[in-house]
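Down below is the structure, laid out as C-alpha cells.
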Amino acid sequence: GQGKGLLHRHGQGKEKLKKGYNWALLSLQFSLEGCGSSITNSQFFTQITLTYHSSGVKLQTRKAVTPPVEMSLCINPLCQKPEENPDNTLFCFGCGSELLLEGRYRVTKELGGGGFGKTYEVNEARSNTNKVLKVLINNHPKAVELFQREAEVLKSLNHPGIPKVESDSYFVYFSRNSTQPLHCLIMEKIEGLDLWEYIRQREQRPIDEKLAIQWLSEIVDILQKVHT
C-alpha cells in the first residue's frame, strides 16, 4: 500500500518464525501513516493477514468500513437546519434546542405529518429501543384537549393492534427561546409496512377479498376497543 506501514502484532510476547513452517497466520493491524502525520482514528485502520510459507510471504489487506454517521433531528418547527446534528450532540447546531428529549429520547427520522402534528422515530437511550414520537404542532386549546385525551385513552388500552403507551409517555417540550410548548407523546413502534407501501410492493395488484375482509374485521375490533 502507499505510505509508511506500522505493524502491531495482536497478543503478548514475540513469536519467532522458524523455517519449515508451511503456513502460519498472523492477524495484524496496519496503521496508515502518510504525509508526515499519523492517522490514529480506528475507522481508518486496515486489518492485514500475513501468510508465511516456503515460497515467501503473501500479504492480504482488508480496509475497515467506516460506519454511517447517525444523525439527530431537531423538532423545533422554526429550526432551519433540523437534520445536521451528529447523534452524540446534546444541542441543535441550527437553533440551540435540546436534542435529547426528557433526557432519554433521541429523534432519528421523520415518519410523517399533517395539519395538527408530526410523527418521528426516536431511540430510547435507556433501553436502546426504537419508539414513535407524536408531536402536536397546533396549540389551539381544543386540539390540546383532544391530544391529551388520546394519550390518556392509549395508556389504558392493551390490544395487539394498538401501540402501547406508558404512564410517563406524555410530556411538554419547549424549543430554544420559544414560549410555545410542543405537546409530545411517546408510543410503541409497531414494525411493518403501511397499506400504501404494501400495495406498492405488490405492484398495485388487488388484495384478495378474503384478506380484505379479515383486515376490515380487525380494524372494526380496534375501533370498538378505542371508543368503548
Check: Considering residues at least two apart in sequence or located in another chain, which fulfil the salt bridge (charged side-chain N to carboxylate O under 4.0 Å, His left out) criterion with K142?
Finding: E145
In one Ile/Leu/Val/Met/Phe/Trp/Tyr side-chain cluster, 4.5 Å: [X], [Y]:
{"X": "L185", "Y": "I137", "answer": "no"}
{"X": "V172", "Y": "L136", "answer": "yes"}
{"X": "F91", "Y": "F93", "answer": "no"}

Check: Where do C184 and V135 come nearest, in terms of heavy atoms and distance?
Finding: SG-CG2, 4.2 Å
I'd like to know if the side chain of [X] and the backbone of [Y] have a donor-acceptor N/O pair within less than 3.5 Å.
{"X": "E188", "Y": "K164", "result": "yes"}
{"X": "R200", "Y": "Q204", "result": "no"}
{"X": "R106", "Y": "D87", "result": "yes"}
{"X": "S217", "Y": "Q214", "result": "no"}
{"X": "N138", "Y": "G117", "result": "no"}
{"X": "S72", "Y": "L99", "result": "no"}
{"X": "S97", "Y": "S175", "result": "no"}
{"X": "S178", "Y": "Q180", "result": "yes"}
{"X": "K155", "Y": "S167", "result": "yes"}

Separation between [atom1] of [X] and [atom2] of [Y], rounded to the nearest 0.5 Å:
{"X": "Y105", "Y": "N130", "atom1": "OH", "atom2": "CG", "result": "12.5 Å"}
{"X": "L90", "Y": "N85", "atom1": "CG", "atom2": "CG", "result": "10.5 Å"}
{"X": "K189", "Y": "L111", "atom1": "NZ", "atom2": "CG", "result": "6.5 Å"}
{"X": "I75", "Y": "Y120", "atom1": "CD1", "atom2": "OH", "result": "6.5 Å"}
{"X": "E102", "Y": "Y170", "atom1": "CD", "atom2": "OH", "result": "11.0 Å"}
{"X": "L73", "Y": "E84", "atom1": "CG", "atom2": "CD", "result": "10.5 Å"}

Would you indicate whether [X], at its atom [atom1], is surrounded by more than 12 heavy atoms from other residues, nucleotides or ligands within a distance under 6.0 Å?
{"X": "Q80", "atom1": "CD", "result": "no"}
{"X": "F174", "atom1": "CZ", "result": "yes"}
{"X": "E197", "atom1": "CD", "result": "yes"}

If you define the side chain from C-beta out and look only at heavy atoms, does anything of [X] sit under 4.5 Å from [Y]?
{"X": "I207", "Y": "I199", "answer": "yes"}
{"X": "V132", "Y": "I186", "answer": "no"}
{"X": "M71", "Y": "T108", "answer": "no"}
{"X": "F147", "Y": "F116", "answer": "no"}
{"X": "N139", "Y": "V144", "answer": "yes"}
{"X": "D221", "Y": "H159", "answer": "yes"}
{"X": "T129", "Y": "N123", "answer": "no"}
{"X": "C74", "Y": "C95", "answer": "yes"}

Margin query: Pair K81, E83 - check salt bridge (charged side-chain N to carboxylate O under 4.0 Å, His left out), show working.
Written below: CA-CA 6 Å; K81 299 178 180 179; E83 300 179 354; over 6 Å; no
Next item on the list: Test L133 against T119 for side-chain contact (heavy atoms from CB on, under 4.5 Å), laying out the working first.
Entry: CA-CA 6 Å; L133 166 67; T119 55; over 6 Å; no
Item checked: Residues L154, M187; criterion side-chain contact (heavy atoms from CB on, under 4.5 Å); working and verdict -> CA-CA 9 Å; L154 289 175; M187 60 184 68; 4.1 Å; yes
Check: Going by atom types alone, do Y173 and H183 pair a side-chain donor with an acceptor below 3.5 Å?
Finding: no
Next item on the list: Answer with yes or no whether the side chains of Q148 and E152 bring together a donor and an acceptor at under 3.5 Å.
Entry: no
Note to self: Using a strict threshold of under 4.0 Å (side-chain N to carboxylate O), is an ion pair present between R176 and E98?
What the structure shows: no
Next item on the list: Using a strict 4.0 Å threshold on nitrogen-to-oxygen distance, state whether E166 and K131 make a salt bridge.
Entry: yes
Checklist line | Residues in ring pair (Phe, Tyr, Trp, His ring centres under 6.0 Å) contact with Y198, at least two apart in sequence or another chain | finding: W215
Next item on the list: Quick one: do I222 and I162 satisfy side-chain contact (heavy atoms from CB on, under 4.5 Å)? Show the steps, please.
Entry: CA-CA 7 Å; I222 292 173; I162 301 174; 3.7 Å; yes
